[in-house]
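Any value given below was found using the heavy atoms of this structure, including those in side chains, with hydrogens, waters and symmetry copies removed.
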Amino acid sequence: MHFIMFVIDDTQHPATGDEMVAIDAFNDQLRAEHHWVMAAGIARPESAHVIDNRAGRGQQRPGSLFAGTEHYSGFWIIAAESTEQALALAARGSQACNRRVELRPFLR
């Protein structure tokens, strides 16, 4: 099973150097334990665009879908044998990045 873990960040508190070291160590553990699929940081909400081309609408607006200071600042895609295992990995990821994370399973 594959899952995505979104890192929930706040524009007021960017990651510190120590947090980046912990994230790198967590990434290495995911690789060593064969849970790693991929991970990436993503740009701040100001660089987002919301596009709606359903039925040819052609609508596009700058900015994120979400308002407020909280946003997704990155993600992990992981492989896990069960939801319980994915939850345990998400708890470790949250501790490593010192942020809340949101876990969702991929649909098949």
- Counting distance only, does the side-chain N/O of N53 pair as donor-acceptor with the main-chain N or O of G58 below 3.5 Å? yes
Only pairs under 3.5 Å count here: list side-chain donor-acceptor contacts from residues 72-80, not counting sequence neighbours, and write none if there are none.
residue: Y72; atom: OH; partner: E102; partner atom: OE1; Å: 2.6
residue: Y72; atom: OH; partner: E102; partner atom: OE2; Å: 3.4
residue: S73; atom: OG; partner: D9; partner atom: OD2; Å: 3.0
residue: W76; atom: NE1; partner: N27; partner atom: OD1; Å: 2.6

- Query: When you look at R108 and H2, which way does the side chain to side chain contact (heavy atoms under 4.5 Å, CB included) test go after all the steps?
  - Reply: CA-CA 10 Å; R108 292 205 178 228; H2 286 99; 3.2 Å; yes
- Taking a hydrophobic cluster as the set of Ile, Leu, Val, Met, Phe, Trp and Tyr residues connected by side-chain heavy atoms closer than 4.5 Å, whether directly or through intermediates, do L103 and M38 fall within one such cluster? no
- Kindly give the heavy-atom pair with the smallest separation between H71 and T69, and that separation in Å. ND1-O, 3.2 Å
- Side chains of R100 and E70: closer than 4.5 Å at any heavy-atom pair? yes
- Task: Indicate if I42 and M5 have the same hydrophobic cluster label, given that clusters are the connected sets of ILVMFWY residues with side-chain heavy-atom separations under 4.5 angstrom.
- Result: no
- Kindly compute the distance separating CZ (R57) from CD1 (I51), expressed to the nearest 0.5 Å. 14.0 Å
- Item | Modelled atom types, side-chain donor and acceptor of Q29 and R92, under 3.5 Å | yes
- Which residues pass the side-chain hydrogen bond (donor to acceptor under 3.5 Å, both in side chains) test with R61, sequence neighbours left out? none
- Worked verdict on Q59 versus R54 for side chain to side chain contact (heavy atoms under 4.5 Å, CB included): CA-CA 9 Å; Q59 295 175 346; R54 294 173 293 172; over 6 Å; no
- Query: Are V37 and M1 connected in the hydrophobic side-chain network, where two residues link if heavy atoms are under 4.5 Å apart?
  - Reply: no
- Please answer whether the main-chain N or O of T16 pairs with a side-chain N or O of E19 as donor and acceptor at a distance below 3.5 Å. yes
- Do V7 and I23 belong to the same hydrophobic cluster, where Ile, Leu, Val, Met, Phe, Trp and Tyr are linked whenever their side-chain heavy atoms lie under 4.5 Å apart, directly or via other members? yes
- Item | same_hphob_cluster(L30, F106) at 4.5 Å side-chain heavy-atom cutoff | no
- From CH2 (W36) to CG (L89), nearest 0.5 Å: 12.5 Å
- How close do V50 and S64 get, heavy atom to heavy atom, and via which atoms? CG2-C, 3.9 Å
- Message: Heavy-atom count check: over 12 atoms from other residues, nucleotides or ligands less than 6.0 Å from Q95 CD?
- Response: no
